[in-house]
Amino acid sequence: MENLFLISSLVFIVLVALCLVRVIGGPTVLDRILGANVIGTKVTVFLLIIGVLYKNVAMFVDIAIAYALLNFITTLGAAKYFLHRKKAGLQEND
Amino acid sequence: MATKIATFITMLLFWVMLSGMFDAFHFSLGVISCLLVTLFSHELLFYGDKKRSWVLGILGVVLYFPWLFWQIIVANLEVAYIVLHPRMLDMIDPCLVRFNTQLKRPIARVALAQSITLTPGTITVNIDEDQFTVYALTRSAAESLPGEMERRVGKALDSAS
Amino acid sequence: MLWIAGFLIVAGLFFFAVGVLGILRFPDFYTRLHAAGKCDSLAAVLVIAGVALYNLTDYSLANLLVSIKIMAIAVFVFVASPTATHAITKAALVIGVEPWTRKDREQ
């Protein structure tokens with residue numbers, strides 16, 4: 001069972017690295033936000049698995065809750081920001 | 001008054017779950033903060049019409065949830081099939097669909113929108129009054145809307161007129 | 001119990017991988033949202049449920065509380081993920097990101 005958690009954490013690292021391709025590569029700003037959101041969801045789960053590996057789930061659960069909330073609010077805030085920027089006529093070409 | 005008590009109890013249960021400490025000091029801190037939150041925002045959690053009892057609402061949600069979860073699993077397998085298919089571009093045909101809903105209560109509309117986002121090949125883009133705007137991944141997914149899901153959400157959360 | 005937890009975690013990892021592949025392979029922004037919005041929420045719930053079950057294998061009151069907290073994260077992800085998807089989609093439509101259609105394929 002320990003091995004399963006170790007392997008799954010390795011898989012998580014690979015998946016986050018693949019998501020970073022989307023975050024860096026673009027093509028639009030919203031693609032980057034989407035990639036960051038997906039990475040955030042993965043990290044939330046990843047924190048729980050780290051907690052199991054260090055045998056200290058009770059502490060890492062609180063961090064994971066805070067991270068999930070932050071991730072959600074970041075995405076909402078970024079989406080709202082780009083909505084309003086368009087309305088103010090400040091859209092950049094990308 | 002009933003909504004205030006219900007909000008307070010829900011908040012207190014949530015506090016106990018998050019803190020996990022039952023000594024007098026921490027528990028009294030929880031009671032004080034729950035009282036403050038209840039005082040400021042008691043109309044946010046349980047609001048609206050008194051026509052429908054909460055018991056019926058909770059029962060409806062409990063009955064609706066297993067079906068929704070099953071639909072989500074089916075939807076994910078469908079998306080997985082499309083993603084893993086080598087000639088993926090031939091299989092997708094995205095389009096925007098608009099349809100009107102018969103659901104009246106805001107909570108039922110939100111539940112329908114979230115369910116549509118989570119199930120086969122469709123994402124809710126906008127809700128404007130009665131009109132839903134949905135972005136569908138394949139033509140067949142677009143044609144299946146609103147269909148059975150709206151009926152089930154209506155049964156679970158919307159008062160039957 | 002352990003086997004169920006292991007199965008849930010492996011299934012969740014599979015759906016996470018499908019979601020990431022979808023984000024990399026789909027041709028435009030809106031179709032990428034399909035992969036991100038659906039696969040991610042289900043996969044997160046599956047892995048979180050697996051960890052909660054694993055945590056319950058040596059049963060005690062403290063562990064039960066921790067498991068309930070873990071499931072609270074699952075419920076939160078379940079509600080928050082579609083909402084975030086919805087917000088990004090609306091922003092994209094207002095900004096005017098061009099959707100991919102069959103015509104782009106034929107060119």
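Worth knowing before you read on, the calculation uses all heavy atoms, side chains too, and leaves out hydrogens, waters and symmetry mates. Here is how names work: the chains are called A, B, and so on, in the same order as the sequence lines, proteins then strands, and each is numbered from 1. As the structure is a prediction and not an experimental result, all values here were calculated from the model.
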Shortest non-hydrogen separation from L24(C) to R22(A) and the atoms involved: O-NH2, 3.3 Å
Check: F16(C) and V11(A) side chains under 4.5 Å, non-hydrogen atoms: no
Check against side chain to side chain contact (heavy atoms under 4.5 Å, CB included), N55(C) and V52(A): CA-CA 8 Å; N55(C) 191 56; V52(A) 174; over 6 Å; no
Heavy-atom side-chain proximity of V57(A) to I70(C) below 4.5 angstrom: yes
I73(C) versus chain A, the contacting section by heavy-atom distance below 4.5 Å: side chain
Approximate separation, where rounding is to 0.5 Å, of L34(A) CG and T85(C) OG1: 7.5 Å
Distance (rounded to the nearest 0.5 Å) between I7(A) CD1 and I9(C) CD1: 11.5 Å
For the student: nearest non-hydrogen atoms of A87(C) and L76(A), plus distance: CB-CD2, 3.5 Å
Most chain C-contacting option - heavy-atom pairs closer than 4.5 Å, from A64(A), G25(A), S8(A), G35(A): S8(A)
Separation of D31(A) CG from I23(C) CD1 (nearest 0.5 Å): 9.5 Å
Note, V51(C) side chain near F5(A) side chain (heavy atom, < 4.5 Å): yes
Toward chain A, the part of F76(C) with a non-hydrogen atom under 4.5 Å: side chain
Interchain contact, N71(A) with chain C, by part (heavy-atom threshold 4.5 Å): neither
Part of L21(C) lying under 4.5 Å from any heavy atom of chain A: neither
Which atom of G6(C) lies closest to which atom of L4(A), heavy atoms considered: CA-CD2, 3.7 Å
Note, L13(C) side chain near F12(A) side chain (heavy atom, < 4.5 Å): yes
Sole residue of V14(A), L15(A), V16(A) in side chain to side chain contact (heavy atoms under 4.5 Å, CB included) with V20(C): L15(A)
